[in-house]
Amino acid sequence: MSTITTIKDKAQQLGTATLDALQPVRTAALASFDQLGVPAVKHEEWKYTRISQLFNQSWQLGVDHSNTDADWQAFRLPEFETANELVFINGVYNEAASTVRSAGLVVLPLEEAAAGEYAQIVSKHLGHSGKYLKDGINALNASFMVGAVFIGVKRSTEIEHPVYIYNITDGRTGNVFAQPRTLVHVAANAGVVLVETYGSIGVADHFTNQVMELVVEQDARVEYYKIQNDTSRSSLVSTTHFRQVGKSYVHAVTISLNGAMVRNNLNMVMEAEHCDSNMYGLYFTSDSCHVDNHTIVDNAKPNCLSNEYYKGILDGSSTGVFNGKIFVQQDAQKINAFQSNKNILLSDDANVYTKPQLEIFADDVKCSHGCTVGRLDEEGLFYLRSRGVTEASAKSLLLHAFAIDILDQIRHDALRAYVDQLISERLGT
Amino acid sequence: MLQIKDLHAGIEGKEILKGINLTIRPGEVHAIMGPNGSGKSTLASVLAGRSDYEVTGGSVEFLGKDLLDLAPEARAGEGLFLAFQYPVEIPGLSTINFMKTAVNEVRKYRGQDALDAAEFLKLMKEKMSLVNIDKNLLTRSLNEGFSGGEKKRNEVFQMAMLEPKLAILDETDSGLDIDAIRIAAAGVNAIRSKENATLVITHYQRLLDYIVPDFVHVLYNGRIVKSGGKELALELEETGYSFLKNEMNIA
């Protein structure tokens with residue numbers, strides 16, 4: 001039996017065994033996956049990222065590790081003692097391991113939210129990312145929507161401590177495929193800091209196909225950080241889909257330091273006037289690590305600002321992909337949309353594929369884009385060495401200097417220090 | 001301190017230095033002057049260890065060691081400092097952080113203990129006042145957006161921090177107005193001592209009004225064609241470099 005058949009069978013089993021409010025969504029998603037299939041490299045959005053080979057491998061799906069011991073704690077982020085912590089193990093929310101401390105923060109099983117107070121929000125926004133990502137992978141996640149979570153931030157509340165979200169896979173009983181799912185609703189005039197991270201337990205292949213959809217209401221503020229430093233046997237498709245339905249502010253930073261194959265989809269759908277969003281990213285890869293950042297900014301309304309800046313350092317035989325789409329719809333006048341991608345290749349075997357893609361249908365807009373690929377500046381290296389700094393230290397000073405304008409965008413101090421530490425370790429300083 | 005013997009060097013197969021001989025002793029200030037393209041900056045680059053240049057003959061001994069055998073950072077560790085004609089801009093790295101690394105790596109090379117944060121700060125304050133540089137400049141990205149004068153002052157500050165035995169100033173006056181030259185020169189003079197030597201490379205005599213040399217050498221077409229005292233610089237200022245061509249032709 002092929003892997004895909006096994007996956008579909010499993011989805012069907014889960015779907016029928018779990019009769020809840022999300023069942024119709026799962027059923028429709030499975031049909032959609034059936035139709036779309038797994039994207040091959042001829043699919044324009046997957047040209048440089050081979051995902052199909054992951055589907056030639058056998059996986060355990062829907063493995064319940066709700067009794068997984070404390071091993072996930074190795075992945076805890078700094079100052080977790082005061083943070084809100086949401087733990088997914090093998091794609092399933094683990095309530096016992098999770099802690100919700102802050103008043104105004106609501107965490108519910110998604111099916112419960114879909115059936116109760118938040119029913120309207122769920123039905124309106126769940127699955128919106130599928131409109132932008134028509135590739136089967138997104139549908140596949142939806143077809144496995146069991147153990148998914150709704151996160152609500154109540155109106156006019158500022159969540160004081162960050163919300164840490166751990167996407168953990170436990171592969172101790174074999175290769176594991178996990179599909180965490182979250183819907184986040186940030187109500188009017190609320191503010192929250194969300195941090196997502198990933199961790200693998202056990203020596204096996206790990207594959208996570210994760211989707212988070214976020215709805216940002218009028219005057220709300222969201223800081224979102226994604227920290228990826230998983231093992232070289234862990235592959236990840238991570239979709240983060242923002243829908244700014246009111247004038248709001250989003251600040252997103254994606255840091256990718258390791259993984260076998262990492263594909264990040266970051267979408268910013270700006271459906272209201274005067275939305276403001278930042279998208280920053282740093283990928284620092286080595287060996288055979290593959291990191292692909294696909295971003296979409298969709299401007300539907302006038303007077304919005306988006307600012308996008310991704311930087312890459314690629315060593316070994318690693319690969320970086322950046323694809324930045326910006327749509328400016330006809331009514332979206334007076335848009336400012338900036339995009340930049342800069343890369344440093346440290347080895348002859350490293351590769352970068354970078355592509356800006358602007359589709360502008362309004363006539364009074366300001367958009368810019370640019371990308372660079374280069375080597376470490378020889379002149380700078382000599383300058384530092386001529387002052388007594390060893391070649392190795394000089395390289396790490398230059399690389400740190402290159403990365404710093406992305407690192408500076410991590411506004412949460414403890415998290416910044418944590419990422420700095422990871423970068424320093426990588427630089428060998 | 002420095003002994004250059006019959007030094008030949010070039011870039012991409014083209015010979016630029018065609019047999020340089022020069023000896024510098026502690027406490028001395030030497031000036032190398034010469035027209036554009038004579039090989040002044042090549043000499044500075046070869047001494048500092050820039051890898052684009054290939055040494056094809058001769059030797060350079062610095063404090064008893066074969067200088068050409070050392071990596072650029074080891075040359076700095078031994079006490080050589082090159083002030084760049086065009087200091088490199090490095091966005092994202094402040095002079096302070098750079099100097100923290102540089103000072104401690106040089107100290108390590110010299111077998112000294114690393115400075116802790118307080119000791120480093122003390123050293124920095126002392127050198128800042130010595131070369132008259134503002135702290136704001138040092139917390140900013142290295143040379144990024146600095147004026148010509150600020151860049152050169154920053155070079156002199158770094159020189160003061162690293163306490164070299166031989167400082168090479170490569171066209172430190174280029175692109176500076178007279179006030180900026182005066183400030184940079186004052187910094188250099190503040191660092192000078194009987195144990196240290198300075199090699200000033202310049203096209204114009206005006207810098208030598210402020211950093212007064214003991215010896216002046218004229219570099220032309222890859223060779224030192226004339227040496228003398230500080231009066232030679234004034235003579236050159238009067239006559240220009242055109243006489244060289246005549247003299248060389250006669251020779």
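Chain identifiers are assigned alphabetically (A, B, ...) following the order of the sequence lines, protein sequences preceding nucleic acid strands; residue numbering begins at 1 within each chain.
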Open item on the list: Is any side-chain heavy atom of A:F382 closer than 4.5 Å to one of B:P72?
Closed with: yes
Open item on the list: Taking atom CD as the centre, does A:E378 end up with more than 12 heavy-atom neighbours from other residues, nucleotides or ligands that are less than 6.0 angstrom away?
Closed with: no
Open item on the list: Regarding A:R385 and B:E105, does a basic nitrogen lie under 4.0 Å from an acidic carboxylate oxygen?
Closed with: no
Open item on the list: For the CZ atom of A:R387 and the CE atom of B:M159, what is their distance to the nearest 0.5 Å?
Closed with: 8.0 Å
Task: A:D413 atom CG: more than 12 heavy-atom contacts under 6.0 Å - done: no
TODO: Please say whether more than 12 non-hydrogen atoms of neighbouring residues, nucleotides or ligands are located less than 6.0 Å from NZ in B:K40.
DONE: yes
Open item on the list: If I measure from the heavy atoms of chain A, does B:F84 come under 4.5 Å with its side chain, its backbone, both, or neither?
Closed with: both
Task: B:L93 side, atom CG; A:L398 side, atom CG - distance, nearest 0.5 Å - done: 7.5 Å
Task: Step-by-step side-chain contact (heavy atoms from CB on, under 4.5 Å) determination, B:E73 to A:V389 - done: CA-CA 6 Å; B:E73 56 268 33; A:V389 176; 5.8 Å; no
Task: chain A contact via B:P87 - which portion, at a heavy-atom distance below 4.5 Å - done: both
Open item on the list: Please classify the contact between A:D377 and chain B as side chain, backbone, both or neither, with a heavy-atom cut-off of under 4.5 Å.
Closed with: side chain
Open item on the list: Are more than 12 heavy atoms, taken from residues, nucleotides or ligands other than A:D287, located less than 6.0 Å from that residue's CG atom?
Closed with: no
TODO: Answer yes or no: are there more than 12 heavy-atom neighbours, outside B:D113 itself, under 6.0 Å from its atom CG?
DONE: no
Task: Centroid-centroid under 6.0 Å between B:Y86 and A:Y383 rings - done: no
Task: Pairwise distance CD1(B:I90) to NE2(A:H400) - rounded to 0.5 angstrom - done: 14.0 Å
Open item on the list: Counting C-beta onward and ignoring hydrogens, is there a side-chain heavy-atom pair between A:S386 and B:F81 closer than 4.5 Å?
Closed with: no
- [ ] Specify which of A:D405, A:I404, A:L384 makes the most heavy-atom pairs with chain B at under 4.5 Å.
- [x] A:L384
TODO: Flag yes if more than 12 heavy atoms outside A:E81 fall under 6.0 Å of its CD atom; otherwise flag no.
DONE: yes
Open item on the list: For B:R50, which atoms come within 4.5 Å of any heavy atom of chain A: side chain, backbone, both, or neither?
Closed with: both
